[in-house]
Amino acid sequence: SYDAAAWETAEMSGLVFLPAAGLRSMSSGKAYVGNLQRFGYYWSGTSSEMDELGAYYLYFYSTEYDSGIVPANDDNRATGRSVRLVRDIR
């Protein structure tokens with residue numbers, strides 16, 4: 001667990017916290033939220049080159065069998081993924 005001073009130190013060093021918030025999608029015509037606490041899906045600020053309604057995103061996952069980060073997928077922006085403000089501190 002972090003106290004306020006530890007969070008401030010982490011943020012000043014450039015650490016970014018991305019929770020495994022899952023995603024919102026449609027199944028059988030009904031909206032649902034899935035993959036909570038195992039997958040994190042985050043939109044980038046880059047539009048898809050192949051679909052004007054799309055954008056790029058990355059996701060990460062952690063299951064009992066495997067974990068990883070998968071960058072540069074694209075999908076329709078109607079699919080609910082998280083948005084997190086991140087700035088380059090260089």
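What you see below is based on every heavy atom in this structure, not just the backbone, and it leaves out hydrogens, waters and symmetry mates.
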Next item on the list: Could you please spell out the steps behind the side-chain contact (heavy atoms from CB on, under 4.5 Å) verdict for Asp75 and Arg81?
Entry: CA-CA 10 Å; Asp75 199 1; Arg81 290 176 170 80; 3.1 Å; yes

Can you confirm whether [X] sits close enough to [Y] that some side-chain heavy atom of one is under 4.5 Å from a side-chain heavy atom of the other?
X     : Y     : answer
Phe60 : Leu18 : yes
Pro19 : Tyr42 : yes
Met12 : Trp7  : no

Next item on the list: Assess whether side-chain contact (heavy atoms from CB on, under 4.5 Å) is satisfied between Asn73 and Tyr56, documenting all intermediate values.
Entry: CA-CA 5 Å; Asn73 288 292; Tyr56 288 96; 6.0 Å; no

Margin query: Taking CG in Leu53 as the centre, count heavy atoms belonging to other residues, nucleotides or ligands within less than 6.0 Å. Is the count above 12?
Written below: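 Atom CG in Leu53 is crowded, with more than 12 foreign heavy atoms closer than 6.0 Å.
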
Notebook entry, point to check: How many angstroms lie between OH in Tyr57 and OG in Ser82, if you round to the nearest 0.5 Å?
Noted result: 13.0 Å

Notebook entry, point to check: Hey, does the side chain of Ser47 reach the backbone of Ala55 with a donor-acceptor pair shorter than 3.5 angstrom?
Noted result: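 Between the backbone of Ala55 and the side chain of Ser47 there is no qualifying donor-acceptor contact (under 3.5 Å).
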
Note to self: When you compare the side chains of Tyr61 and Asp66, does any donor N or O come within less than 3.5 Å of an acceptor on the partner?
What the structure shows: yes

Margin query: Quick check: closest heavy atoms across Pro71 and Leu58, and the distance to 0.1 Å?
Written below: CA-CB, 3.8 Å

